[in-house]
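Everything below concerns the one structure shown next.
Starting from 1, each residue takes its place in the sequence as its number. Quick note: numbers below take in every heavy atom, side chains included, and nothing from hydrogens, waters or symmetry partners.
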Amino acid sequence: MPRRRFLWAASGVCAGVRLGGAGSAEPLRVDAGRQLFVDDYLIAQTTFQRTFHKPRIHDASPVIKPETPLEMNNGYCPLACPFQDGVFYDPKDHLYKIWYHAGWFDGTAYAYSEDGIRWTRPDLDIERGTNRVLPRRDPYERDGVGVWLDQETSNPAERFKLFIYNRKHDQQEFRYASLHPGRTVSAGGSIYTSPDGVHWTERGATGPCGDNTNFYYNPFRKTWFYSIRTTSPRGRVRSYRECADFVKGAAWTAADVIFYATADDEDLPEPALGYPTQLYNLDAVGYESLMLGVFAIHRGPPNEVCAQGGFPKITDLTLAYSRDGIHWERPDRSAFLACSRRPGTWNRGYLHSSGGVCLIAGDELRFYFAAFSGVSPRLGGHMYAGGSTGLAILRRDGFASMDAGPDEGQLTTRPLRFTGSHLFVNANAHGGELTAELLGADGKVLPGFARRECRPVRADGTCQKVSWSPGGDLTALRNRPVILRFHGRRTQLFAFWISPDPSGASHGYVAAGGPGFTGPTDTVGSKPA
């Protein structure tokens, strides 16, 4: 599939570069969601420069590590981390919830938290004395799992959804929680639904798929995407099955599966190894006005090399963006989250994102991820040992910013249409200032919305209102083609949106949720700075 080229390098753009005529395209609808500057989609012309930002690892990381007998795996390969699985905030219970891999190829466990830092492992009735949510099913072992909190379903019995890739072993050879449980005789996927995320009902087998297959919901298309591991001459790649019904759509055939993503030559190999890169996983979620994707890039070594050496594979997490969940822009190929590669560290290698991708906690985005140390209490080292749950923090909308230095810059959008009344920005203008003006389709400044009438934004905040004096209500401009032009110096602009609410509620999608949100979209906003 041809990949659409991103127009700018990560270091920014040259002054005065024009990306498209202000009146040359049909106006873009910006009714719902914060509008992020991760690519050139919104921009007609700018002298701002783009900067991509990386998260920081929270000081409490790893926030979950192997401790219980289930997680310790008889000392072979301790694990307590999402292997995709899922991390969501449930507004019904006001709790963070995580489903995770407990002990290698063993349990699917559940924990909850009030703050997302300190986690409680409940004693559940599935297997007393453990927090396992799927009962043991000898001679089957779990591999990858996907979990989703579905806040748009009308069926409360299907509020939670789960996919699991199982490996079935020879019954005569099978030994529970053993490093070598016996010969694998078959493998494949199954799906489950649940009203509470603890008690699950199996709904059937899926079509053909590879390990580390998972799924996500695309709220813009109102469809489920099974992100299916397939292979090509390059190695691991991704294909998809799109369906409106999670259960009915699981019964796909090979002919239903469509290729859609791979690593390529811009995903550079590990310098010391030189292996061609592969696409190990693809997770995605609706975030504000677009789909946010996590591409896990495998840089080697091959499984047999890691198995012999007793150390984890190298997989780094990179970001991608899409307006339809099928075609992905990958403007920054550097790792968003990179494994340390250092022996003895909890995050030495083999990073995995979690289902739901990220959560919103106030002004922050939270990314829960798996990382492997390779440390085995019983073996010394093993490629699948020592899996823990890390937490990375990023500013809300903070994937990329359009920056102005000491010399004033401008950013002019393509023509827009909206039904909101209040302009908000996520910007850091501390020590500088940001102003805006509105232009008609003819490029002329609209009366009452000139730059000189704009109250400058001079603070750092993720939800700051932009207003004009006098008035400044955008109601009269609803459904008219309007061009937005920002002027700034010493400022970073992360996003803008036009809200129907004075609170700044974006009505965009909130990924895996977060405290204060009552559903899948932001209807709350926050008090402007």
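Within 6.0 Å of the NZ atom in Lys444, the count of heavy atoms belonging to other residues, nucleotides or ligands does not exceed 12. More than 12 heavy atoms of other residues, nucleotides or ligands sit less than 6.0 Å from atom CZ of Arg56. When the shell of 6.0 Å around CD of Glu114 is examined, it contains 12 or fewer heavy atoms from other residues, nucleotides or ligands.
Residues Ile360 and Tyr287 have side chains in contact (heavy-atom distance under 4.5 Å, counting atoms from C-beta outward). Residues His352 and Asn281 have side chains in contact (heavy-atom distance under 4.5 Å, counting atoms from C-beta outward). When side chains are defined from C-beta on, Phe424 does not count as touching Val457, because their heavy atoms never get closer than 4.5 Å. Looking at heavy atoms from C-beta onward, Leu359 lies in side-chain contact with Tyr368 at the 4.5 angstrom threshold. Residues Asp283 and Gln84 are in side-chain contact: their nearest non-hydrogen atoms beyond the backbone lie under 4.5 Å apart. Using a 4.5 Å heavy-atom threshold, the side chains of Ile191 and Lys161 count as separate. Inter-residue side-chain proximity for Leu42 and Leu28 is flagged as met; some heavy-atom pair is nearer than 4.5 Å. Side-chain contact check for Pro269 versus Tyr275: every heavy-atom pair is 4.5 Å or farther apart.
Minimum interatomic distance between Asn214 and Phe163 (heavy atoms only, all atoms of both residues): CA-CD2, 4.4 Å. For the residue pair Ser421 and Thr475, the shortest heavy atom distance occurs at OG-OG1, 3.0 Å. Closest of all the heavy-atom pairs between Ser61 and Trp346 is CB-CZ2, 3.7 Å. Summarising the geometry of Phe295 relative to Leu279, their closest heavy-atom pair is CD2-CD1, 3.6 Å, with the distance given to 0.1 Å. Nearest heavy atoms, Gly356 versus Ala512: O-CB, 3.6 Å. The minimum heavy-atom distance between Trp468 and Ala436, with the atom names listed, is NE1-O, 3.1 Å.
A cation-pi contact, defined as under 6.0 Å to the ring centre and within 45° of the axis, links Arg229 to Tyr280. Cation-pi geometry between Arg241 and Trp252 is not met at under 6.0 angstrom from the ring centre and within 45 degrees of the axis. A cation-pi arrangement is absent between Arg323 and Phe220, since the terminal nitrogen or guanidinium carbon is not both under 6.0 Å from the aromatic centre and inside a 45° cone about the axis. Taking the centre and axis of the six-membered ring of Phe418, the NZ or CZ atom of Arg480 falls outside the cone set by 45° and 6.0 Å.
Ion pairing between a basic and an acidic side chain is recognised when a charged N comes within 4.0 Å of a carboxylate O; Asp31 and Arg29 show such pairing. Taking the charged nitrogens against the carboxylate oxygens, Arg221 and Glu242 do have a contact shorter than 4.0 Å, which makes a salt bridge. A salt bridge between Asp397 and Arg34 is present, with a side-chain N of the basic residue lying under 4.0 Å from a carboxylate O of the acidic one. Using a 4.0 Å cut-off between charged nitrogen and carboxylate oxygen, Arg341 and Glu270 count as a salt-bridge pair. With respect to Lys54 and Asp332, a salt bridge is recorded, a charged nitrogen being found less than 4.0 Å from a carboxylate O.
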Query - Tyr260 and His327: CA distance, side-chain angles, deciding distance, ring pair (Phe, Tyr, Trp, His ring centres under 6.0 Å) verdict - result: CA-CA 8 Å; Tyr260 77 139; His327 303 91; 9.2 Å; no
**Report entry** side-chain contact (heavy atoms from CB on, under 4.5 Å) between Asn212 and Arg236, worked out
**Finding:** CA-CA 10 Å; Asn212 285 120; Arg236 303 170 180 93; over 6 Å; no
**Report entry** Full working for side-chain contact (heavy atoms from CB on, under 4.5 Å) between Thr413 and Ile43
**Finding:** CA-CA 4 Å; Thr413 70; Ile43 303 172; over 6 Å; no
Requested in this report: Under the side-chain contact (heavy atoms from CB on, under 4.5 Å) rule, what do Thr491 and Arg489 come out as? Steps first, then yes or no, please.
Outcome: CA-CA 5 Å; Thr491 190; Arg489 59 178 180 83; over 6 Å; no
Query - side-chain contact (heavy atoms from CB on, under 4.5 Å) assessment of Cys454 paired with Val466 - result: CA-CA 7 Å; Cys454 182; Val466 179; 3.7 Å; yes
Query raised in the report: Phe37 and Phe399: ring pair (Phe, Tyr, Trp, His ring centres under 6.0 Å), yes or no, with the steps?
Result: CA-CA 8 Å; Phe37 292 108; Phe399 308 104; over 10 Å; no
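Distance check, rounded to the nearest 0.5 Å: CZ of Phe496 to CG of Leu36 gives 10.0 Å. With rounding to the nearest 0.5 Å, the separation of CD1 in Ile393 from CD1 in Ile57 is 9.0 Å. Taken from SG in Cys339 to CG in Leu317, the straight-line distance is 8.5 Å, to the nearest 0.5 Å. Atom CZ of Arg118 is separated from atom CD1 of Ile64 by 13.0 Å, given to the nearest 0.5 angstrom. Going from atom CD1 of Ile297 over to atom OG1 of Thr277 covers 6.0 Å, rounded to the nearest 0.5 Å. Within the model, atoms CG of Asp150 and OG1 of Thr193 stand 10.5 Å from one another, a figure rounded to the nearest 0.5 Å.
Judged by distance alone, the side chain of Lys222 and the main-chain N or O of Pro219 form a donor-acceptor pair under 3.5 Å. Between the side chain of Arg478 and the backbone N or O of Thr419, at least one donor-acceptor pair lies under 3.5 Å. Within the 3.5 Å criterion, the main-chain N or O of Arg342 finds a donor-acceptor partner in the side chain of Thr345. Judged by distance alone, with hydrogens and angles left aside, the side-chain atoms of Trp99 form a donor-acceptor pair with the main-chain N or O of Gly197 at under 3.5 Å. Between the side chain of Arg455 and the main chain of Thr435, no donor-acceptor pair closer than 3.5 Å is present. Of the possible donor and acceptor atoms, none in the side chain of Glu288 sits under 3.5 Å from a partner among the backbone N and O of Gln35. Panel note: side chain Arg417, backbone Pro27; no donor-acceptor pair is recorded below 3.5 Å. A donor-acceptor pair under 3.5 Å is absent between the side-chain atoms of Asp501 and the main chain of Gly504, judged by distance alone. Between the side chain of Ser113 and the backbone N or O of Tyr96, no donor-acceptor pair lies under 3.5 Å. For Arg50 (side chain) and Asp39 (main-chain N/O), a donor-acceptor pair under 3.5 Å exists by modelled atom type.
Between Phe494 and His53, the angle of the ring planes lies from 30° to 60°, which puts this pair in the tilted group.
Asn426 pairs with exactly one of Gln492, Arg396, Arg395 by the side-chain hydrogen bond (donor to acceptor under 3.5 Å, both in side chains) rule, that one being Arg395. Applying salt bridge (Lys or Arg N to Asp or Glu O under 4.0 Å) to Arg234 and the options Asp265, Asp264, Asp267 leaves one that passes, Asp265. Considering Phe225, Trp224, Tyr240, Trp148 in turn, Phe225 is the only one that fulfils the ring-ring contact (aromatic ring centres under 6.0 Å, His included) rule with Tyr216.
Side-chain polar atoms of Glu437 and His487 form a donor-acceptor pair below 3.5 angstrom. At a cut-off of 3.5 Å, with distance as the only test, no side-chain donor of Ser401 or Thr51 sits close to an acceptor on the other residue. Using modelled atom types, one finds no donor on one side chain facing an acceptor on the other under 3.5 Å when comparing Thr412 with Gln45. Looking only at atom types and distance, the side chain of Arg330 has a donor-acceptor partner in the side chain of Thr318 under 3.5 Å away.
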